[in-house]
Amino acid sequence: MNDSSYTVKLPQWVGKILPGPEIIYPTVEERMELAIILAANNINNNGGPFGAAIFEQYSGRLVAPGINLVQQSNCSVVHAEIVAIILAQQKVANFDLGAEGLPDYELVSTTEPCAMCLGAIPWSGINSLVCGARDEDARSIGFDEGDKPDDWSKKLQSRTISVTRDILRDKAKAVLQQYVDAGGIIYNGRSFVKKLKIKHRGGENDKL
């Protein structure tokens, strides 16, 4: 790869754990199970504790899996949801998954979207978002989820994107704990600034 290009590419192990293309996931619970399997296996392969997948909402056909590739690729933006969106759009050859003639698509994520992924969702064209663990579950182990409006789910719904939360939440939370127990790195950007704030709290440097 040269310095002027970047390719989103899933590691080989992802293809090995996915069932054949004929497999259908009729329920949101089955779709979340797949996303959780992706997240758990990503931890075992030195990745972050987040998984996602895009499905045809009504047929249940898997369109594209996604895993967090931040550490493997040294790229802060390749969160699981972003990876799934990119791969789905490439697969259907359209930047808008809501374009005329396409089926409705559903994004399933093991954890509610961070601020960046939340911003990407309306432009992706998906019709539905399904989440497992909550924002506070990710924050509780140290991840910085960014600044999000408290009513973010209602804002998505106002854009005709349905939001379903807490699907297999306990299982999704268990994956986050698995990451902590394995000594996973909490890879927040600008973490050094946060450390300085804590160190100098109460002084002039607290305004960094």
Decide yes or no on side-chain contact (heavy atoms from CB on, under 4.5 Å) for E56 and V63, but give the supporting numbers first.
CA-CA 7 Å; E56 290 184 359; V63 179; 3.9 Å; yes
Return yes if a side-chain donor-acceptor contact under 3.5 Å exists between D144 and Y187, otherwise no.
no
With a 3.5 Å cut-off and no angle check, do the side chains of N42 and Q72 form a donor-acceptor pair?
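Checked: N42/Q72 side chains pair up, N/O donor to acceptor below 3.5 Å.
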State plainly whether one hydrophobic cluster holds both [X] and [Y], where clusters connect Ile, Leu, Val, Met, Phe, Trp and Tyr through side-chain heavy atoms under 4.5 angstrom apart.
{"X": "V8", "Y": "I85", "answer": "no"}
{"X": "L62", "Y": "V130", "answer": "yes"}
{"X": "L69", "Y": "L176", "answer": "yes"}
{"X": "V77", "Y": "I54", "answer": "no"}
{"X": "V14", "Y": "I43", "answer": "yes"}

Whether over 12 other heavy atoms sit under 6.0 Å from [X] [atom1]:
{"X": "K148", "atom1": "NZ", "answer": "yes"}
{"X": "Q12", "atom1": "CD", "answer": "no"}
{"X": "E100", "atom1": "CD", "answer": "no"}
{"X": "D147", "atom1": "CG", "answer": "no"}
{"X": "I23", "atom1": "CD1", "answer": "yes"}
{"X": "D150", "atom1": "CG", "answer": "no"}

Does a side-chain heavy-atom distance below 4.5 Å link E106 with I126?
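A side-chain contact is absent here, since even the closest heavy-atom pair is not under 4.5 Å.
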Within the structure provided, determine whether I121 and L107 are in side-chain contact (heavy-atom separation under 4.5 Å).
yes
Gap separating the [atom1] atom of [X] from the [atom2] atom of [Y], nearest 0.5 angstrom:
{"X": "L129", "Y": "C117", "atom1": "CG", "atom2": "SG", "result": "10.0 Å"}
{"X": "L168", "Y": "E30", "atom1": "CG", "atom2": "CD", "result": "10.0 Å"}
{"X": "R134", "Y": "R139", "atom1": "CZ", "atom2": "CZ", "result": "13.0 Å"}
{"X": "D135", "Y": "E145", "atom1": "CG", "atom2": "CD", "result": "5.0 Å"}
{"X": "E112", "Y": "D137", "atom1": "CD", "atom2": "CG", "result": "8.0 Å"}

Could you walk me through whether N44 and Q178 pass the side-chain contact (heavy atoms from CB on, under 4.5 Å) test, one step at a time?
CA-CA 10 Å; N44 295 334; Q178 175 189 339; 3.6 Å; yes
Verdict with reasoning, L10 to I67, per side-chain contact (heavy atoms from CB on, under 4.5 Å)
CA-CA 8 Å; L10 295 175; I67 55 172; 3.9 Å; yes
Please step through side-chain contact (heavy atoms from CB on, under 4.5 Å) for the pair M116 and I82, ending with a clear verdict.
CA-CA 9 Å; M116 178 184 69; I82 299 295; 4.1 Å; yes
Which heavy-atom pair separates [X] from [Y] by the least distance, and what is that distance?
{"X": "S162", "Y": "Q157", "result": "CA-CG, 4.4 Å"}
{"X": "V83", "Y": "G66", "result": "CG1-CA, 4.0 Å"}
{"X": "T111", "Y": "A138", "result": "CG2-CB, 4.0 Å"}
{"X": "A84", "Y": "A64", "result": "O-CB, 3.7 Å"}
{"X": "P122", "Y": "L156", "result": "CG-CD2, 3.9 Å"}
{"X": "V175", "Y": "A40", "result": "CG1-N, 4.1 Å"}

Who are the side-chain contact (heavy atoms from CB on, under 4.5 Å) partners of D181, not counting sequence neighbours?
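side-chain contact (heavy atoms from CB on, under 4.5 Å) list for D181, sorted by chain: Q177.
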Listed partners of I17 passing side-chain contact (heavy atoms from CB on, under 4.5 Å), at least two apart:
W13, I37, L38, N41
Side-chain (S59) to main-chain (R61) donor-acceptor, under 3.5 angstrom
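Side chain of S59 to backbone of R61, a donor-acceptor pair under 3.5 Å: yes, one is there.
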Look only at the side chain of R165 and the backbone of A133, and say whether a donor-acceptor pair between them is shorter than 3.5 Å.
no
Please, which pairs that meet ring-ring contact (aromatic ring centres under 6.0 Å, His included) have at least one residue in [range], sequence neighbours excluded?
{"range": "residues 145-178", "value": "none"}
{"range": "residues 86-126", "value": "none"}
{"range": "residues 48-67", "value": "Y25-F55, F50-F143"}

What side chain to side chain donor-acceptor pair (under 3.5 Å) pairs are there with at least one residue in residues 75-97, not counting sequence neighbours?
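Listed once each, the pairs are E81-S109.
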With M32 as reference, evaluate V28, L34, I36 under the side-chain contact (heavy atoms from CB on, under 4.5 Å) test and give the passing residue.
I36
